Student: 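My structure is below; once you've seen it, I'll send some questions.
All of these numbers come straight from a predicted model, not from anything done at the bench. Just so it is clear: chains get the letters A, B, ... in the order the sequence lines come, proteins before strands, and each one is counted from 1. Because only heavy atoms are used, hydrogens play no part in the values below, and waters and symmetry mates are left out as well, while side chains stay in.
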2 protein chains.
Amino acid sequence: MTTIKDVAERAGVAPSTVSYVLSGSRKISEDTRRAVQAAIDELGYHPRASARTLRSARTRVLALAAPRVPGAYRAIDGRFAIDVTDAARGHGYDVLLMTDSDGVGGLRRVACSGLADAAVLMAVEDRDPRVEVLGELGFPAALLGRDDHAQLPWTDLDWDAAVALAVRETAAAGHRRILFLSSAEHEVAARRGYALHGLDGARRATAETGAEVRVVPSHRDPDVLARRLREALTARPAPTALVVQHLILLPRLLDAVATAGLRVPDDLTVVLVGSLPDELGIRHLPRIDLPVAEMSTAVARLAIDAIDPGSDARPPSGPPHHLIQPRMAGPAIAPPSLG
Amino acid sequence: MTTIKDVAERAGVAPSTVSYVLSGSRKISEDTRRAVQAAIDELGYHPRASARTLRSARTRVLALAAPRVPGAYRAIDGRFAIDVTDAARGHGYDVLLMTDSDGVGGLRRVACSGLADAAVLMAVEDRDPRVEVLGELGFPAALLGRDDHAQLPWTDLDWDAAVALAVRETAAAGHRRILFLSSAEHEVAARRGYALHGLDGARRATAETGAEVRVVPSHRDPDVLARRLREALTARPAPTALVVQHLILLPRLLDAVATAGLRVPDDLTVVLVGSLPDELGIRHLPRIDLPVAEMSTAVARLAIDAIDPGSDARPPSGPPHHLIQPRMAGPAIAPPSLG
DNA sequence: CTGTTAGCGCTTTCAA
DNA sequence: TTGAAAGCGCTAACAG
């Protein structure tokens, strides 16, 4: 294992000089820096992260707390894990992935043992115990998902605007009877931000467009969802468009549509809200993608900015946030069929 | 920040005694250990990971290298990230997530700077540069996905057995004309293990069952897939069952089936091979789930076991591996309709 | 059974 | 413009 001392010896300088060359925090003569750089290259020297961390009390690591619902899986969680990792690297940070299968223990352990400088929390709930713990430890954090209650920075898609946009565009394509499959009932009951704001957006767009928008709450049980959807689709007069926010059950949903004897988009136009970007299987549907990349960059940024409270006092307006405006993607929304 | 010294002072012992109480690597009198434990609890002491690592040259962290294909997203990658993290915790390890957006640089950095003790590689390719680098650095690693070429431990689903099982069970349900949608052409061309072994399994089962199994290679372009599928489904005599290994485009695939005027499972039985477990949207389809949990546990285990080459010499039989047998899940496979 | 002490690799003050 | 040296928190060899 080659250390800073080896490099110093080879370059004929003191260890501290090597350190200064590396950090750039002191003026070094051109000759010296070249000699040091040469020694570094020849020896293939890499600084030991643990030594730096011990000295500086900075890990340059973010802890990312992903949810882990037993028996269910949300593709979005894994996607964020990967994208946040990418985003953090862009800021010079690595990501330590944690699941909450451990309850709040994992986060506490990571914070207390100095494994990370800040945390990013996914899928934050109303009175999330993870938020409590981090607050009590004074550990910096940022949230992936809007939360106006917790005193923490957050980023999110503007779900209100997103659903409103989807409904508005659908109406603009000529649809007068629109079905909105909202978040599942348990999500609304848990007062999830996306669920509530999505419903608000549907209401707002309904008023604005004058279209008849029927809201059908989704359900975590695929069979219940299929039943509800079928009833709503076969009601007379039948809706000509389906705007979907609850996407976890998408294959089952498409199955229910097909079972109802409807072709997409000939008999029924389907518009997705909050889909995963770059999912090739849904490229054929008009949609509003969840801005995963932008959210990931933002949340990494917010978490890192929360690390050093020294720069200036907390501005009086509370923790910062980053609300992202929706954009339509995919093919144009098909007009209703003339039948 | 409370250190081992603070604890020692409060308990009236030497710092090393506290360390020994913590590690259990020395006999301690019951009185002393109680005093120390009390001091630890009262002060809320947690050992600093960086100090331990600096001392012991062990991080108790695994690096997990996830692929990052620009413009495409595979839900499976995020899922493994989360499950491997859980599995690693079960062995007392944390997981540092890396993407290969950086090429091979991230892995090299993590290995050289001592941020992790071993690596887990996902989606390994034929002559994967990450494997080369780790070999050259002598960094311990294990692979998520079969690879008989690289001299590294791996785990995988037995894809040959899985496809064979799916076809066999489909035939046993009475189907005589079966369509097998294999991996995409570029996956076969890249000699991906799952792609090749899946094809082998289809061939084997065809011979065994005597059913007419038509293999249609999938394609990364959803439009090409849809076209191929449509042609194959409308050929006469029409197949009555569809076994699918290429699942990334599933929504589009179901759309193509519906567009062909076919109902599932009345007109066409659909069987999935390698689906994500706990995906609620596909619960209604017979399938063979990818054993994500078992693979994750196994690969964490293999990586950790590769860390300490001291225990005994490499057994002559090459690196260990863990091949998992497939199991059917979901509803029974529907027999062909009498029409 | 317990204490003393050296040192892991690095950064940074203090001194030149 | 550079060097010497202390010390971050912990473990383990050595010494009682």
Student: Provide, to the nearest angstrom, the distance between the CZ atom belonging to A:Arg48 and the C1' atom belonging to D:dG9.
Tutor: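 That distance rounds to 18 Å.
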Student: Can you tell me which nucleotide in D:dC8, D:dG3, D:dC10 comes closest to the side chain of A:Val13?
Tutor: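 For the A:Val13 side chain, the nearest candidate turns out to be D:dG3.
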Student: Strictly below 4.0 Å, heavy-atom distances to any atom of DNA chain C: list the hits from residues 29-42 of chain B, or just say none.
Tutor: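 Only B:Ser29, B:Thr32 qualify.
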Student: Which nucleotide of DNA chain C is the first, and which the last, in the 5' to 3' direction, to come under 4.0 Å of a heavy atom belonging to chain B?
Tutor: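 Range of nucleotides touched by chain B: C:dC1 to C:dG9.
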Student: How long is the gap from CG on B:Asp147 to CZ on B:Arg192, to the nearest 0.5 Å?
Tutor: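 Answer rounded to 0.5 Å: 10.0 Å.
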Student: Tell me whether the side-chain N or O atoms of A:Tyr20 pair up with the base of D:dA4 as donor and acceptor below 3.5 Å, since no angle test is needed here.
Tutor: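 Such a pair does not exist between side chain and base.
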Student: Take atom CD1 of B:Ile4 and atom C1' of D:dG7, then tell me their distance rounded to the nearest Å.
Tutor: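 Checked: the CD1 to C1' distance equals 16 Å.
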Student: List the steps and the verdict of salt bridge (Lys or Arg N to Asp or Glu O under 4.0 Å) for B:Asp102 and A:Arg89.
Tutor: CA-CA 9 Å; B:Asp102 195 6; A:Arg89 272 315 303 154; 5.1 Å; no
Student: Would you mind telling me which residue lines up with the more 5' stretch of DNA chain C, A:Leu54 or B:Lys27, judged by nearest nucleotide?
Tutor: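 Counting from the 5' end, the first nearest nucleotide belongs to B:Lys27.
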Student: Roughly how far apart are A:Leu134 CG and A:Glu132 CD, rounded to 0.5 Å?
Tutor: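 If we round to the nearest 0.5 Å, A:Leu134:CG and A:Glu132:CD are 10.0 Å apart.
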Student: So how far is it from A:Asp6 CG to A:Thr3 OG1, rounded to the nearest 0.5 Å?
Tutor: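 A:Asp6 CG to A:Thr3 OG1: 4.0 Å, rounded to 0.5 Å.
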Student: Over all strands shown, is B:Thr3 touching base, sugar-phosphate only, or nothing at heavy-atom distances under 4.0 angstrom?
Tutor: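 The residue B:Thr3 makes sugar-phosphate contact but no base contact.
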Student: Rounded to the nearest 0.5 Å, how far does OH of B:Tyr194 lie from CG of B:Leu157?
Tutor: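 The distance works out to 13.0 Å.
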Student: What is the separation between atom CD on B:Glu9 and atom C1' on D:dC10, rounded to the nearest whole Å?
Tutor: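 One finds 16 Å between C1' of D:dC10 and CD of B:Glu9, rounded.
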Student: When you compare the side chain of A:Tyr45 with that of A:Ile4, does any pair of heavy atoms fall below 4.5 Å?
Tutor: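 Counting from C-beta outward, A:Ile4 and A:Tyr45 do come under 4.5 Å.
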Student: With side chain to side chain contact (heavy atoms under 4.5 Å, CB included) as the criterion, how do B:Tyr93 and B:Asp117 come out once you've worked through the C-alpha distance, each side chain's angles and the decisive distance to 0.1 Å?
Tutor: CA-CA 10 Å; B:Tyr93 278 71; B:Asp117 296 335; 3.7 Å; yes
Student: Would you classify A:Ile28 as touching base, sugar-phosphate or nothing, given that sugar-phosphate means primed atoms plus P, OP1 and OP2, and contacts are heavy atoms under 4.0 Å?
Tutor: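 Sugar-phosphate contact only.
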Student: Quick check against the 3.5 Å criterion: does A:Asp128 have a side-chain atom that pairs as donor or acceptor with the backbone of A:Glu125?
Tutor: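 Side chain of A:Asp128 to backbone of A:Glu125, a donor-acceptor pair under 3.5 Å: yes, one is there.
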Student: Look at the side-chain N and O atoms of B:Ser19 and state whether any lies under 4.0 Å from the OP1 or OP2 oxygen of D:dC10.
Tutor: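 For D:dC10, OP1/OP2 do not have a side-chain N/O of B:Ser19 under 4.0 Å.
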Student: Under 6.0 Å from the CZ atom of B:Arg301, do we count more than 12 heavy atoms belonging to anything else shown?
Tutor: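 No, not enclosed.
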Student: Heavy-atom nearest nucleotide on DNA chain D for B:Arg26 versus B:Arg52: which residue maps closer to 5'?
Tutor: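 This one resolves to B:Arg52.
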Student: Write down the distance between CG (B:Asp6) and C1' (D:dC10), rounded to a whole number of angstrom.
Tutor: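 Rounded to the whole Å, the gap is 13 Å.
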